[in-house]
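Input: a single structure, listed below in structure tokens.
All ligand and atom numbering here is 1-based and tracks the order in the structure.
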Amino acid sequence: MFSHNKRLQYTVRVTETNPGLANLMLEQFGGPQGELAAACRYFTQALGEDDPGRKDMLYDISTEELSHLEIIGTIVAMLNKGAKGSLAEGVDEAAEMYRKIQGAGNDSHVTQVLYGGGPALVNSAGVPWTAGYIDTIGEPTADLRSNIAAEARAKIVYERLINLTDDPGVKEALGFLMTREIAHQKSFEKALYAIEPNFPPGKLPGDARFAGVYFNMSAGEGDVRGPWNQGDRWNFVESPQPCGPDGDGAAGEASVSLDAAEAPAVQAMAERTRSLRDGDPMTGAELGMSEQTAMEDIRQGLPDQDEA
Ligand code: MN
Ligand code: MN
């Protein structure tokens, strides 16, 4: 059961109308790192969770995120309130109205014209909210890691929003919202470590031949060694080769057994679409070229292979 309390979780005191700033705040209302995404993420995880501790925590945090949605939505509404009234009542000259709703030069005029000041469930670029922002996989050790990262991202977006406003009331409310994401990150991380073992995620162990191997897959200047690829826990492979069931010297090839009906059809298709390796078919592009712009001349204009 949900029950609404008319008081906000944190008092919002906005100094003045600022539609441009309101538009940027929509990032945390209807954006991927925003409060609706967080609330839906943890609420749906709570519904599916059987562990009593995690279930309770997920309901607590998802309900708090709805309270945050109310705070950030209220900030948007307060920042837009004056401009919304002016636009609805048509009290300004057109040019003055446009200047007022466009604010800091972002898409805030769209928010005003399409949504009457909102708050609308879009991000700061006008992209509609989508359930695709939620990446729940239904395994707590994977979902808690994703929740930790989601809280880290939300914290960073709030930090950026704080850095671009000088409205003290907005700054203060954003500071509360940012701080709560830090607290949530701690709870999720503690909850992850309360599961033992929690790594690797799931039940199947990794293949022991590859679980402690670091493949140096990027050749050239700039190879760097650090704790992520050196020490007792790592086997650093300088020049990786294909691996497979045959172990060292694996051919790195792919194969599949086809049944009696499939094999001839696959062969027929291969014959029908076979490349001719000799000959030089004329292309439409070449027909449109003059003699001087033949491929040889284009090549001559390119830097030497050695210099490149
Ligand atoms: Mn939040
Ligand atoms: Mn949070």
Side-chain angles (χ1 to χ4, degrees), residues 2-14 21-49 51 53-79 118-124 127 129-137 140-165 167 169-194:
F2 282 97
S3 164
H4 184 255
N5 183 325
K6 291 182 186 60
R7 297 183 303 161
L8 292 168
Q9 193 193 7
Y10 196 87
T11 303
V12 171
R13 292 201 187 94
V14 172
L21 184 60
N23 196 70
L24 293 168
M25 295 296 152
L26 286 176
E27 196 58 42
Q28 287 303 78
F29 191 71
Q33 322 308 339
E35 301 294 353
L36 181 64
C40 292
R41 165 187 285 268
Y42 309 139
F43 180 64
T44 49
Q45 287 177 15
L47 292 173
E49 180 59 74
D51 180 83
R54 282 196 300 274
K55 194 178 188 76
D56 181 41
M57 174 190 70
L58 287 162
Y59 276 133
D60 283 335
I61 296 182
S62 65
T63 306
E64 179 172 357
E65 302 294 14
L66 277 178
S67 304
H68 296 178
L69 183 73
E70 187 177 34
I71 294 171
I72 194 75
T74 300
I75 291 174
V76 172
M78 294 299 115
L79 286 167
L121 285 171
V122 297
N123 77 353
S124 58
V127 179
W129 187 87
T130 162
Y133 293 153
I134 294 154
D135 57 9
T136 299
I137 200 74
T141 61
D143 286 337
L144 286 168
R145 286 189 165 87
S146 183
N147 295 353
I148 292 163
E151 294 292 338
R153 294 192 298 266
K155 193 270 181 185
I156 293 298
V157 175
Y158 276 123
E159 186 166 326
R160 291 174 182 167
L161 290 173
I162 288 167
N163 286 341
L164 57 77
T165 175
D167 186 317
V170 173
K171 254 186 168 22
E172 185 165 341
L174 292 177
F176 171 78
L177 294 172
M178 181 192 78
T179 303
R180 294 303 302 156
E181 313 309 12
I182 298 169
H184 295 165
Q185 186 175 347
K186 275 163 52 183
S187 287
F188 288 135
E189 200 164 352
K190 300 269 188 199
L192 173 64
Y193 298 144

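- Other residues, nucleotides and ligands contribute over 12 non-hydrogen atoms within 6.0 Å of the CZ atom of Arg153.
- Not a single salt bridge (charged side-chain N to carboxylate O under 4.0 Å, His left out) links Glu70 to another residue, sequence neighbours left out.
- Residue-and-atom listing of protein N/O/S atoms under 2.8 Å from the Mn ion (ligand 1), sorted by chain and number: Glu35 OE1, Glu35 OE2, Glu65 OE1, His68 ND1, Glu181 OE2.
- Counting heavy atoms of neighbouring residues, nucleotides and ligands inside a 6.0 Å radius, atom CD1 of Ile137 does not exceed 12 of them.
- Listed here is the closest heavy atom pair of Ala154 and Glu181: CB-CG, 4.1 Å.
- The pair Glu159-Lys155 meets the salt-bridge criterion, since a charged nitrogen lies less than 4.0 angstrom from a carboxylate oxygen.
- A side-chain donor-acceptor contact under 3.5 Å links Glu172 and Tyr10.
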